[in-house]
Amino acid sequence: MDMNAPLTIEAEPYTFELIPSKCALLIIDMQRDFLEPGGFGEMLGNDVTQLRRAIEPNQNLLEIWRAAGLQVLHTREGHRPDLADLPPAKKVRGKGSKTIGDTGPMGRILIRGEAGHDIIPELYPLPGEPVIDKPGKGAFFATDLHAILQNLGITQLVVTGVTTEVCVNTTVREANDRGYECLVPEDCVASYFPVFQEMGLQMIKAQGGIFGWVTDSTKIISVLN
Ligand code: TIU
């Protein structure tokens with residue numbers, strides 16, 4: 001494959017010209033605490049099956065992406081064990097009996113180094129794939145993601161992961177303002193709420209692609225094949 005030759009991906013609101021050498025797959029927060037039964041997400045009253053639908057499409061896309069030799073990065077939402085980077089307002093939000101930093105079923109909730117904070121085994125990063133630990137919803141806030149992408153010469157992002165309207169949307173907006181072109185495969189992102197899944201995607205592609213493009217992973221895979 002010519003890594004500098006654009007590949008045309010069917011997308012909305014119009015086709016996306018993917019340049020392999022400049023395009024990274026950025027997988028957002030596919031962490032055990034959000035996706036596995038008994039984790040923080042379920043503890044908040046959410047139905048994790050809504051998120052688990054995105055696992056297999058991400059596995060398929062990741063396999064083809066790696067085989068093509070394209071760049072992969074992963075993010076994890078979480079905090080330092082000493083909680084020094086956890087805003088007090090985030091700690092108390094929701095008034096739950098257990099919040100970030102407390103001991104949950106998979107270790108301390110959303111704390112780096114704990115089992116629940118780590119990425120699900122199905123999508124586990126390979127050595128050499130950068131993992132960005134982020135304290136906020138967006139992957140650019142208080143992280144070295146922008147510097148890493150610039151060093152790699154990346155200007156386009158295929159953004160997948162969870163949740164569509166929270167960390168994925170925030171990251172796409174942050175990326176768009178920094179000059180990146182973002183393509184979101186809708187089967188590879190998921191929300192606990194079906195209406196937010198739909199609206200989260202519409203918000204990205206409306207107004208001529210105000211924040212980016214929306215496609216399906218099968219459309220990316222068929223072109224990379
Ligand atoms: N990764 C991410 O989206 N974090 C969240 O807290 N999402 C919710 O939808 N709660």
Side-chain angles (χ1 to χ4, degrees), residues 1-30 54-76 119-120 122-132 134 138-140 143-162 164 167-190 200-201 203-225:
M1 183 166 73
D2 179 353
M3 296 293 271
N4 293 313
L7 302 169
T8 301
I9 313 283
E10 240 185 89
E12 290 183 301
Y14 51 87
T15 55
F16 185 86
E17 300 296 324
L18 189 158
I19 304 165
S21 62
K22 295 183 180 299
C23 188
L25 174 61
L26 180 64
I27 307 178
I28 303 291
D29 299 0
M30 291 295 277
I55 296 175
E56 196 180 318
N58 266 285
Q59 284 179 296
N60 296 336
L61 180 59
L62 182 57
E63 187 185 334
I64 296 289
W65 200 267
R66 282 172 172 161
L70 274 63
Q71 184 68 49
V72 181
L73 302 97
H74 308 256
T75 72
R76 300 185 295 202
I119 292 172
I120 58 170
E122 295 93 329
L123 296 170
Y124 211 75
L126 290 180
E129 293 175 354
V131 178
I132 309 295
K134 61 186 187 65
F140 288 85
T143 73
D144 49 12
L145 177 59
H146 189 46
I148 291 173
L149 294 175
Q150 286 184 316
N151 293 338
L152 292 168
I154 298 294
T155 61
Q156 301 180 323
L157 297 170
V158 171
V159 186
T160 73
V162 297
T164 310
C167 293
V168 171
N169 235 278
T170 306
T171 297
V172 167
R173 290 167 189 234
E174 285 183 331
N176 180 64
D177 278 348
R178 285 165 178 78
Y180 296 92
E181 295 179 308
C182 295
L183 176 64
V184 179
E186 60 189 5
D187 54 333
C188 291
V189 297
L201 292 164
M203 284 178 193
I204 291 166
K205 69 186 178 189
Q207 301 184 66
I210 192 83
F211 298 126
W213 287 256
V214 174
T215 188
D216 189 272
S217 67
T218 58
K219 298 197 166 97
I220 303 175
I221 289 170
S222 67
V223 168
L224 286 178
N225 269 332

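We count residues from 1, following the sequence as given.
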Determine the sole option in V223, L224, L25 for which the side chain to side chain contact (heavy atoms under 4.5 Å, CB included) test with I64 is passed.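 Passing option: L224.
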Min side-chain heavy-atom separation [X]-[Y] under 4.5 Å:
X    : Y    : result
L61  : V158 : yes
H74  : E129 : yes
I220 : W65  : yes
L201 : V189 : yes
N60  : S217 : no
I119 : I27  : no
L149 : Y180 : yes

If only atom types and distance count, is the side chain of [X] paired as donor or acceptor with the main-chain N or O of [Y] below 3.5 Å?
X    : Y    : answer
Q156 : E17  : yes
N176 : V172 : no
S222 : K219 : yes
E122 : E56  : no
T75  : D29  : yes

Rounded at 0.5 Å granularity, tell me how far [atom1] in [X] sits from [atom2] in [Y].
X    : Y    : atom1 : atom2 : value
M30  : L123 : CE    : CG    : 5.0 Å
L62  : I55  : CG    : CD1   : 12.5 Å
I154 : Q71  : CD1   : CD    : 5.5 Å
L145 : L73  : CG    : CG    : 6.5 Å
L18  : L7   : CG    : CG    : 5.5 Å

For residues [X] and [Y], report the shortest heavy-atom separation together with the two atoms involved.
X    : Y    : result
G161 : N58  : N-ND2, 4.4 Å
L183 : P185 : O-CD, 3.7 Å
R76  : V131 : NE-CG1, 3.6 Å
P20  : D2   : CG-O, 4.2 Å
V162 : C167 : O-CB, 3.7 Å

Tell me every residue that passes side chain to side chain donor-acceptor pair (under 3.5 Å) with T143, counting only those two or more places apart in sequence or in another chain.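 None.
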Can you give me every donor-acceptor pair (side chain of residues 205-214, partner residue at least two apart or in another chain, under 3.5 Å) with its distance?
unit_1	atom_1	unit_2	atom_2	d
K205	NZ	E12	OE1	2.9
W213	NE1	Y14	O	3.1
W213	NE1	T15	O	3.4

Around atom CD of Q150, are there more than 12 heavy atoms of other residues, nucleotides or ligands at under 6.0 Å? yes
More than 12 non-hydrogen atoms from neighbouring residues, nucleotides or ligands closer than 6.0 Å to CD on E10, yes or no? no
Would M1 and L70 count as a side chain to side chain contact (heavy atoms under 4.5 Å, CB included) here? Give the steps. CA-CA 11 Å; M1 183 166 73; L70 274 63; 3.6 Å; yes
Option among T171, N169, D177 that satisfies the side-chain hydrogen bond (donor to acceptor under 3.5 Å, both in side chains) test with R173: N169
One pair to check against side chain to side chain contact (heavy atoms under 4.5 Å, CB included): L126 and V72. What are the steps and the verdict? CA-CA 9 Å; L126 290 180; V72 181; over 6 Å; no
